[in-house]
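All chains are named by letter (A, B, ...) in the order of the sequence lines, taking the proteins before the strands, and each is independently numbered beginning at 1. Fair warning: this is a prediction, and the values are worked out from it, not measured in the lab.
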Protein chains: 2
Amino acid sequence: MKGFLSYLILWILSKKKMNGAQISRELEIRRGTKPSPGTLYPALKELKDKGLVESDENKYYSLTDKGKIELNSACNFFCKAFYDMKEMSNCCER
Amino acid sequence: MKGFLSYLILWILSKKKMNGAQISRELEIRRGTKPSPGTLYPALKELKDKGLVESDENKYYSLTDKGKIELNSACNFFCKAFYDMKEMSNCCER
DNA sequence: TTAATTGTATCGGTTATCCGATATAAACCA
DNA sequence: TGGTTTATATCGGATAACCGATACAATTAA
């Protein structure tokens, strides 16, 4: 179940500006477990190096325009791959 | 964008019994590219070793009960992680 | 039957992904 | 002020994920 983390971070940041600790807590809500700091901070650094996120003087991260495009592209990919995903929603209700 | 393959295979097999070559073509439709045979067949072998899929005498693969549970569990995980995914559907339409 | 195509399978290697341990800095509190 | 918690960051290492090359079997076509 690897490989979701970076996209989940992009998704989270697309909704709200957050610092590392807040992102960590949000990930716990969504995934069930907090990422190790040795996972989260390198991931944020990589996203920043790629120009997908930026951080202000208080270490609050947000998406760049490039990050928004990247997230949209990932959504497109996902929706194409699971184009018949509606049936999956059976798992999600209730 | 790694880590989607095994779940996509489970998803595909939940809809239709297929052999390796058919799975490969279905993946091309959904992802844009065929997986390398060095990716696909080890992936199928692993899914089989884990008891998630089974194959008949003609190498047609299908989900086992365990595989159905696993797929459902993955759907639950995904829907929880991206519970506010509806907004993502903007990317999917049209 | 032979040749060509299609399908299956394995191997070695590369890179991605994530973790625990550790260190430092910042914020809070006694 | 000094001590404790919280937040940020890096490092080395383990495993997952995937690829191209290669080999062989099975099917199809000539």
Side-chain angles (χ1 to χ4, degrees), chain A residues 1-13 16-62 67 70-71 73-74 77-78 80-82, chain B residues 1-13 16-62 67 70-71 73-74 77-78 80-82:
Chain A
M1 187 70 80
K2 286 191 171 185
F4 287 88
L5 186 64
S6 292
Y7 294 101
L8 196 43
I9 292 174
L10 289 183
W11 180 253
I12 287 171
L13 289 178
K16 198 179 171 191
K17 209 169 204 188
M18 291 188 198
N19 65 17
Q22 291 170 325
I23 294 171
S24 182
R25 283 190 286 268
E26 181 67 24
L27 286 170
E28 185 178 23
I29 293 172
R30 290 175 179 263
R31 307 192 314 166
T33 58
K34 280 185 185 174
S36 160
T39 299
L40 179 61
Y41 291 101
L44 285 173
K45 179 171 163 42
E46 194 201 348
L47 290 173
K48 196 173 178 181
D49 289 346
K50 287 182 179 171
L52 302 179
V53 307
E54 61 193 357
S55 61
D56 64 18
E57 68 282 356
N58 293 87
K59 312 255 183 185
Y60 271 67
Y61 289 84
S62 56
E70 172 67 17
L71 178 60
S73 163
F77 174 88
F78 186 85
K80 187 180 175 191
F82 292 95
Chain B
M1 188 68 81
K2 285 192 173 185
F4 287 90
L5 186 62
S6 293
Y7 295 101
L8 196 43
I9 291 174
L10 290 182
W11 180 253
I12 287 171
L13 289 179
K16 199 179 169 191
K17 210 169 203 189
M18 290 188 198
N19 64 17
Q22 291 170 326
I23 294 171
S24 182
R25 283 189 288 269
E26 182 67 24
L27 286 170
E28 184 178 25
I29 292 172
R30 289 174 181 265
R31 306 190 316 166
T33 59
K34 279 185 187 174
S36 160
T39 298
L40 179 61
Y41 291 101
L44 285 173
K45 180 171 162 42
E46 195 200 347
L47 291 174
K48 197 173 176 180
D49 290 345
K50 286 183 180 171
L52 303 178
V53 307
E54 60 194 356
S55 61
D56 64 18
E57 68 282 356
N58 293 87
K59 312 252 184 187
Y60 271 67
Y61 289 85
S62 57
E70 172 67 19
L71 178 59
S73 162
F77 175 88
F78 187 84
K80 187 180 175 192
F82 291 96

Distance, rounded to the nearest Å, where A/K34 contributes NZ and D/dT6 contributes P
9 Å

What is the distance, to the nearest angstrom, from the CG atom on B/L8 to the C1' atom on D/dA17?
14 Å

Would you mind reporting whether B/K45 and B/D49 have side-chain heavy atoms less than 4.5 Å apart?
yes

Spacing of A/E26 atom CD and A/L13 atom CG [to the nearest 0.5 Å]:
9.5 Å

Spatial distance of atom CD1 (B/I12) from atom OG (B/S24) [nearest 0.5 Å]:
9.5 Å

Nearest-angstrom distance from the residue atom CD of B/E46 to P of D/dA16:
8 Å

Rounded to the Å, how far apart are B/D49 CG and D/dA17 C1'?
16 Å

Qualifying residues under side chain to side chain donor-acceptor pair (under 3.5 Å), relative to A/K59, sequence neighbours excluded
none

Once you round it to whole Å, what is the distance between P of D/dA7 and CD of A/E26?
15 Å

Could you check whether A/L40 gets within reach of a base, just the sugar-phosphate, or nothing at all, counting any heavy atom under 4.0 Å?
nothing

Take the protein atom CZ of A/F4 and the nucleotide atom P of D/dA17, then report the distance between them rounded to whole Å.
10 Å

Atom-pair distance (CG on A/L27; P on C/dT17), nearest Å
15 Å

Closest to the A/S36 side chain, choosing from C/dC19, D/dC18, D/dC19
C/dC19

Rounding to a whole Å, what distance do you find between A/E57:CD and C/dA26:P?
14 Å

Mind checking whether A/F77 and B/F4 have parallel, tilted or perpendicular rings, split at 30° and 60°?
perpendicular

Please list each protein N or O that sits under 3.5 Å from an N or O in nucleotides 5-11 of chain C, with the distance.
residue	atom	partner	partner atom	Å
C/dT8	OP2	B/G20	N	3.3
C/dT8	OP2	B/A21	N	2.8
C/dT8	OP2	B/Y41	OH	2.8
C/dT8	O3'	B/K59	NZ	3.4
C/dA9	OP1	B/K59	NZ	2.5

For B/K34, check side chain to side chain donor-acceptor pair (under 3.5 Å) against everything at least two apart and list the hits.
none

